[in-house]
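Keep in mind the model is a prediction, meaning the values are calculated, not measured.
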Amino acid sequence: MTGNPSGALVAVEVGLGQVGADRRLCDPNNLMPDIEKTFRDAAQLVLKEGGFLGDDIQSELAAKLSGRWSSEVKRAVREILTDDESPDSQSRIEKMKAIANEFGLTVAPTPVPLPLLQKDETDNVDGRFG
C-alpha cells in the first residue's frame, strides 16, 4: 500500500468517483415521502376508474390525493372509500374531488435532489483528503 495503511482514503476516493456516475441515488422518486394507505387507495381508484373526469383532471386529482394530509382529510377520504351508500366508483370519485376542493388539496412539488458532491467539496476527518 502506498501511504494509506487503512485503505479508507482509497475507499472514499472510489466512492466519490461513483457519485457523479450513480444518478439513481438522486432519483426524485426515491425522495418522495411515504403515502398512507388511505391516500394510495384513493389515488389508485381515481387512476383506475376516473376516466370520466378527463385525463388532466384525473391525473391532477390522483396527484392531489397522493400527498401527506391531516387526519381530518384522511378520515373524510376513508369514509368515502368505505361508504356503502356510494357503491359505484364514479360517485366516490366525485366525492373525493369535492373533498380535495373543500380542503384545498394541492399537488406536492417534485422534490429537487441535492447537487452532486464534488471531490474538492469533501474533507476527511483527519484532514488528509481533499
Exercise. Is it the case that one hydrophobic cluster holds both Leu47 and Leu45, taking links as side-chain heavy atoms less than 4.5 Å apart, direct or via other members?
Worked result: no

For this session: For Lys95, check salt bridge (Lys or Arg N to Asp or Glu O under 4.0 Å) against everything at least two apart and list the hits.
Result: Asp83

Exercise. side-chain contact (heavy atoms from CB on, under 4.5 Å) with Lys74: which residues, sequence neighbours excluded?
Worked result: Glu36, Thr38, Phe39, Arg78

Exercise. Are Glu102 and Ile99 close enough that some pair of their side-chain heavy atoms sits under 4.5 Å apart?
Worked result: yes

Exercise. Could you give all pairs that pass the salt bridge (charged side-chain N to carboxylate O under 4.0 Å, His left out) test and reach residues 52-65, with sequence neighbours left out?
Worked result: Glu60-Lys64

For this session: Identify, with sequence neighbours excluded, every residue that meets salt bridge (Lys or Arg N to Asp or Glu O under 4.0 Å) alongside Glu49.
Result: none

Exercise. Hey, are the side chains of Ile93 and Leu61 touching, using non-hydrogen atoms and a 4.5 Å cut-off?
Worked result: yes

Exercise. Between Ala62 and Ala43, which heavy-atom pair has the shortest distance, and what is it?
Worked result: O-CB, 3.6 Å

Problem set entry | Under the side-chain contact (heavy atoms from CB on, under 4.5 Å) test, residues paired with Ser71 that sit two or more places apart | Arg75

Seminar exercise, completed: All heavy atoms of Arg92 vs all of Ile80, minimum pair found to be O-CG2, 3.4 Å

Seminar exercise, completed: Minimal heavy-atom distance between Ala42 and Leu81, with the atoms involved, is N-CD1, 4.1 Å

Exercise. Given the rule that I, L, V, M, F, W and Y join up when any side-chain heavy atoms are under 4.5 Å apart, are Ile57 and Leu105 in one cluster?
Worked result: yes

For this session: Report yes or no: does Gln58 contribute a side-chain atom to a donor-acceptor pair with the main-chain N or O of Phe52 at less than 3.5 Å?
Result: no

Problem set entry | Contacts of type side-chain contact (heavy atoms from CB on, under 4.5 Å), residue Asp88, not counting sequence neighbours | Gln90, Ser91

Exercise. What distance separates Ser89 OG from Glu94 CD, expressed to the nearest 0.5 Å?
Worked result: 12.0 Å

